[in-house]
Amino acid sequence: MAQPRSQLAAVILAVVAVAGGRCSGYTGFEFREATVDAIQLGFKNGSITSTALVLFYLDQINSLNPLLHAVIEVNPDALQQAAHADTERASSSDRSGGPLHGIPVLLKDNIATRDRLNTTAGSLALLGSVVRRDAGVAARLRAAGAVILGKANPSEWSNFRPVKDGWSARGGQTLNPYVLSADPCASSTGPAVAAAANMAAVTLGTETDGSILCPSSLNSMVGIKPTVGLTSRAGVIPVTPRQDTVGPICRTVPDAVHVLDVIVGYDALDAEATGSASKYIPVGGYGQFLRMDGLRGKRIGIPNGFFIEGAYGKGKIQLRVYQEHFATMRKHGAIVIENIDIASNLTALLGDIFANENIAMQAEFKLSLNAYLSDLPYSPVRSLSDVIAFNIAHPMEERLQDFGQPRMIAAERTNGIGSVEKAAIQRLNELSADGLEKLMEKYQLDAIVTPNSEASGLFAIGGMPAITVPAGYDGRGVPFGICFGGLKGYEPRLIEMSYAFELATKVRRMPGFKP
Ligand SMILES: *[C@@H]1O[C@H](CO)[C@@H](O)[C@H](O)[C@H]1NC(C)=O
Ligand SMILES: *[C@@H]1O[C@H](CO)[C@@H](O)[C@H](O)[C@H]1NC(C)=O
Ligand SMILES: *[C@@H]1O[C@H](CO)[C@@H](O)[C@H](O)[C@H]1NC(C)=O
């Protein structure tokens, strides 16, 4: 990483030339915005190697990370893994040929890897901790031949410590590559920003309530928040197993679908959730739902209260663009149903969700974090109370004066899932049943469409899936997204709709680093 940029650039050129030399010399592979499909094609026709790709992304990280702070750690073994993938491909062993073989992947720093990378959720308290094994999703990536490029910056403790969006003690402040002064959103900020700025081919984030959908929306990314249990949470620093889920953040829907295909599935270390969700995984995978005509015949509900000027800073530009998008959906055969109510009072519903989520999550966070920490073969901290004490002992590094740690302290005061927590969880189940689930049933919807991550609470409490896709840019150039959400296991139809929408609109463009 300390290598001067020009030297690294020279190495890249040399490597690309050598790789291209196998065919017909340098073939001018376009690294920027390269999709998984383009990369696989490049592997096949000899215009690119995994090694050259890793060098490209390392160079991007080298030049952009001092500004964006999207990456916390680069994997010292990434080039070796890439070389291995290149060798495997050359000898065409069984493992080559999968869509992520040789593809550099960046992981949010709460996803454990058993290698030279640290897994810290952005906190200095966990630096030096040793994990027992790869997280379930990381193990699947490795088995598919992907290259682990490094770890991306989360908001500390996956947002349970409410800090400035995108900030972590280890990673610093992640900026939005489109408009540097704009909110990049939490807590999978690093993955979203890194993918947006071409610092990785694809990335993985995690979501408890909005942490994939929000940063994806505000950084012109595609984010898939899978049905809870579709992807294993084993080895992921937790907030609550009731809502936590791991999903891809990528530049295109097909890229995200390729990643999803690799990371879904049963994991004995997250047996209950992955066991019950595995029935949703389609035979033949998710790629078959990348259909150009994916909007045709789909019933899409637009719940009242979301597309309103002023709400969440939405202005006239966004509202006009969203209206154009509804027209595009109709043009492509969707039945768009407006003027439907998810609740008699949406503000009250979202407030009710937020309040009860907080009650349940405080207790669940303490239980699950303590379980995670106590399972580590080595760790400087062994419990939530150790972490709180660590933060108090390191007030400058952890910016205690700015952010405090009130939710951590409140969580520490809880004592398991008692009657208060049970009542809150029951209330959340009712709010889901009487809200999203009832609406979907009543109008026989394939999806509801909402702006950015504004409906994330509706999806979070029921463990429901959602996909956000780039929708536009506001007057300052800040991206915004459009979100297709549904019921458990609706990934196939959400992929159909979001892919057809992406093809019809092609909104994403590269970031311009405006002030
Ligand atoms: C190989 O495929 C890539 C697309 O991934 C393309 O850009 C390049 O021009 C192709 N090169 C050759 C020699 O066919
Ligand atoms: C992991 O953290 C240690 C400090 O404890 C550091 O020396 C090491 O470089 C980190 N690993 C990577 C891959 O950055
Ligand atoms: C909706 O609920 C909010 C919050 O509970 C309340 O402030 C508002 O007055 C309610 N609106 C209506 C129209 O009842």
Side-chain angles (χ1 to χ4, degrees), residues 1-2 16-50 52-54 56 58 61-62 65 69 71-81 89 99 101-103 106-107 109 111-131 134 138 147-153 168-172 190 201 251-252 254-255 258 303-306 308 311 341-356 376 378-381 390 394 397 431 435 457:
M1 291 293 292
V16 172
V18 168
R22 278 201 292 131
C23 278
S24 51
Y26 180 59
T27 49
F29 182 87
E30 185 49 61
F31 287 85
R32 282 190 176 71
E33 302 292 287
T35 62
V36 168
D37 289 331
I39 292 169
Q40 290 301 341
L41 204 61
F43 285 159
K44 282 206 181 71
N45 73 15
S47 66
I48 183 83
T49 61
S50 186
L53 268 180
V54 167
F56 168 75
L58 290 181
I61 293 168
N62 225 11
N65 209 50
H69 293 169
V71 176
I72 290 191
E73 283 187 8
V74 162
N75 187 356
D77 299 322
L79 273 171
Q80 199 197 321
Q81 288 176 14
R89 201 177 321 103
H101 189 270
I103 302 281
L106 196 64
L107 308 181
D109 183 44
I111 300 170
T113 51
R114 178 105 171 99
D115 52 17
R116 290 204 271 166
L117 292 161
N118 298 288
T119 304
T120 66
S123 173
L124 292 163
L126 273 177
L127 198 54
S129 65
V130 176
V131 301
D134 277 340
V147 173
I148 308 292
L149 186 64
K151 295 284 175 77
N153 201 5
S168 81
R170 286 196 61 216
R251 288 182 293 271
T252 66
D255 281 3
H258 287 314
N304 288 326
F306 286 101
I308 288 177
D341 282 318
I342 201 156
S344 56
N345 183 334
L346 179 66
T347 312
L349 170 62
L350 296 179
D352 209 349
I353 288 175
F354 186 72
N356 286 287
L376 295 173
Y378 170 78
S379 177
V381 287
F390 178 93
H394 300 84
E397 300 92 315
L431 292 173

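In listed order, ligands and their atoms are each counted from 1.
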I'd like to check the side-chain hydrogen bond (donor to acceptor under 3.5 Å, both in side chains) partners of Thr119; sequence neighbours left out, ordered by chain and number. Lys151

Suppose we screen for salt bridge (Lys or Arg N to Asp or Glu O under 4.0 Å). Which residues come up paired with Asp341, at least two apart in sequence or across chains?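 Salt bridge (Lys or Arg N to Asp or Glu O under 4.0 Å) check on Asp341 returns nothing, list empty.
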
Which residues satisfy the salt bridge (Lys or Arg N to Asp or Glu O under 4.0 Å) test with Asp115, sequence neighbours excluded?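 Testing Asp115 for salt bridge (Lys or Arg N to Asp or Glu O under 4.0 Å), a comparison that skips the adjacent residues, returns Arg142.
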
Counting distance only, does the side-chain N/O of Asn65 pair as donor-acceptor with the main-chain N or O of Val71 below 3.5 Å?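 Checking the backbone N and O of Val71 against the side chain of Asn65, a donor-acceptor pair under 3.5 Å is found.
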
Could you pull out every N or O of ligand 3 that sits under 3.5 Å from a protein N or O, with the distance for each pair?
residue  : atom   : partner : partner atom : Å
ligand 3 : 2 (O)  : Asn345  : OD1          : 3.2
ligand 3 : 2 (O)  : Asn345  : ND2          : 2.4
ligand 3 : 11 (N) : Asn345  : ND2          : 2.9
ligand 3 : 14 (O) : Asn345  : ND2          : 3.4

Salt bridge (Lys or Arg N to Asp or Glu O under 4.0 Å) between Arg170 and Glu73, worked out: CA-CA 10 Å; Arg170 286 196 61 216; Glu73 283 187 8; 2.6 Å; yes

At under 4.0 Å between heavy atoms, which part of Ala38 makes contact with ligand 1: side chain, backbone, both or neither? both

What class does the angle between the rings of Phe31 and Phe29 fall in, given that below 30° is parallel, 30 to 60° is tilted and above 60° is perpendicular? perpendicular

Is there a polar contact between ligand 2 and Asn118, counting only N or O atoms under 3.5 Å apart? yes

Checking contacts here: is it the side chain or the backbone of Arg116 that comes within 4.0 Å of ligand 2, counting heavy atoms only? Could be both or neither.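 Backbone only.
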
side-chain hydrogen bond (donor to acceptor under 3.5 Å, both in side chains) between Thr35 and Asp255, intermediate numbers included: CA-CA 6 Å; Thr35 62; Asp255 281 3; 4.6 Å; no

